Amino acid sequence: MKVAIASDHGGINIRKEILQLLDEMNIDYEDLGCEGGCSVDYPDYAIPVAEKVVKGECDRGILICGTGIGMSIAANKVKGIRCALVHDVFSAKATRLHNDSNILAMGERVIGPGLAREIAKTWLETDFEGGRHENRVKKIKDYETEKL
Ligand code: RB5
């Protein structure tokens, strides 16, 4: 698995924590920034990560900003992205099992690095359950491709 990861200035510390986790889990990644020191615009980071995922250059994405909200809104504008904004371990597992989410968004002003690490670990380790959820996800894909 290869993960594309990015944050704005509001998410740098959690991004560093998740980079460490990816190293520990031996998961390959592409770190798309941002560099620290100045204020940046979250869509400039969310959209490149989302595009890497839809183009198949990376399998999944992780995005962190202050709240996770801006990153998730921007990423979900890219066709084929199912970005889940998650701040608890239960939802991290559920959104992989049920939604087959391909991007995880978190907010550094909402949760601490320990919880963010547990959320990311759970999200990375959980597979899509398929079954009855397959058709639900397919309805989203059909809407995106104007088949509905
Ligand atoms: C930046 O101040 C902040 O707005 C951003 O990190 C994020 O929370 C937006 O949703």
Side-chain angles (χ1 to χ4, degrees), residues 1-128 133 136-137 139-146 148:
M1 187 200 307
K2 189 170 181 186
V3 172
I5 181 167
S7 74
D8 72 358
H9 54 284
I12 288 177
N13 296 317
I14 283 187
R15 188 172 105 248
K16 285 185 183 156
E17 185 73 31
I18 303 305
L19 288 173
Q20 229 175 65
L21 172 72
L22 292 170
D23 282 334
E24 286 167 23
M25 293 177 79
N26 277 317
I27 294 176
D28 195 14
Y29 58 80
E30 228 177 294
D31 182 9
L32 303 189
C34 69
E35 301 307 322
C38 61
S39 176
V40 297
D41 300 332
Y42 57 81
D44 295 338
Y45 295 86
I47 291 168
V49 163
E51 286 189 341
K52 289 238 169 242
V53 174
V54 292
K55 285 178 185 161
E57 293 168 21
C58 290
D59 305 291
R60 305 240 206 116
I62 298 180
L63 291 166
I64 307 107
C65 64
T67 59
I69 297 170
M71 286 292 199
S72 61
I73 291 172
N76 277 316
K77 295 292 178 194
V78 177
K79 266 189 193 175
I81 290 302
R82 291 176 303 283
C83 175
L85 172 58
V86 173
H87 290 129
D88 67 276
V89 175
F90 174 84
S91 303
K93 186 164 187 170
T95 189
R96 285 290 310 134
L97 288 171
H98 293 190
N99 316 122
D100 197 17
S101 54
N102 48 15
I103 296 188
L104 169 68
M106 295 183 284
E108 183 173 311
R109 295 175 190 156
V110 184
I111 53 169
L115 179 53
R117 164 186 275 267
E118 282 310 301
I119 288 168
K121 188 168 189 296
T122 302
W123 186 79
L124 288 163
E125 286 174 343
T126 306
D127 291 327
F128 180 45
H133 302 292
R136 294 165 186 169
V137 171
K139 287 187 176 188
I140 298 171
K141 290 179 181 170
D142 285 350
Y143 178 76
E144 283 179 323
T145 52
E146 293 165 35
L148 274 188

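Counting starts at 1 for both ligands and their atoms, following the listed order. Bear in mind the structure is a predicted one, so any value in this text is a computation, not a measurement. FYI, side chains are in, hydrogens and waters are out, and symmetry mates aren't considered; it's all heavy atoms of this structure.
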(request) Can you pull out the closest protein heavy atom to atom 2 (O) of ligand 1? Residue, atom name and distance to 0.1 Å, please. (result) R109 NH1, 3.4 Å

(request) Specify side chain, backbone, both or neither for M71, according to which of its non-hydrogen atoms lie closer than 4.0 Å to ligand 1. (result) neither

(request) Please determine if G70 has a nitrogen or oxygen closer than 3.5 Å to a nitrogen or oxygen of ligand 1. (result) yes

(request) Starting at SG of C58, measure out to NZ of K2 and round the result to the nearest 0.5 Å. (result) 5.0 Å

(request) Determine if the distance from atom 4 (O) of ligand 1 to the closest protein heavy atom is below 4.0 Å. (result) no

(message) So does G114 get a backbone contact from the side chain of E17, meaning a donor-acceptor N/O pair under 3.5 Å?
(response) no

(request) Just jot down the ligand 1 atoms closer than 4.0 angstrom to any heavy atom of Y42, in number order. (result) 9 (C)

(message) Side chains of S7 and R15 only: does a donor on one sit below 3.5 Å from an acceptor on the other?
(response) yes

(message) For N13, is there any backbone N or O sitting under 3.5 Å from a side-chain donor or acceptor partner on E108?
(response) yes

(message) Taking distance alone, with N or O pairs closer than 3.5 Å, would you say G66 contacts ligand 1?
(response) yes

(request) Determine yes or no for a side-chain-to-main-chain donor-acceptor pair under 3.5 angstrom, with R60 supplying the side chain and W123 the backbone. (result) yes

(request) Would you give the length of the straight line joining atom CD1 of I64 to atom NZ of K16, rounded to the nearest 0.5 angstrom? (result) 12.0 Å

(request) Take Y29 and D23 through the test side chain to side chain contact (heavy atoms under 4.5 Å, CB included) and record every step on the way to the result. (result) CA-CA 9 Å; Y29 58 80; D23 282 334; 3.3 Å; yes

(message) Give me the residue, atom name and distance of the protein heavy atom closest to atom 1 (C) of ligand 1.
(response) H9 NE2, 3.5 Å

(request) Do me a favour and list the nearest non-hydrogen protein atom to atom 7 (C) of ligand 1 with residue, atom name and distance? (result) C65 SG, 3.4 Å

(message) I need the contact type for D8 against ligand 1. Using non-hydrogen atoms and a strict under-4.0 Å cut-off, is it side chain, backbone, both or neither?
(response) side chain

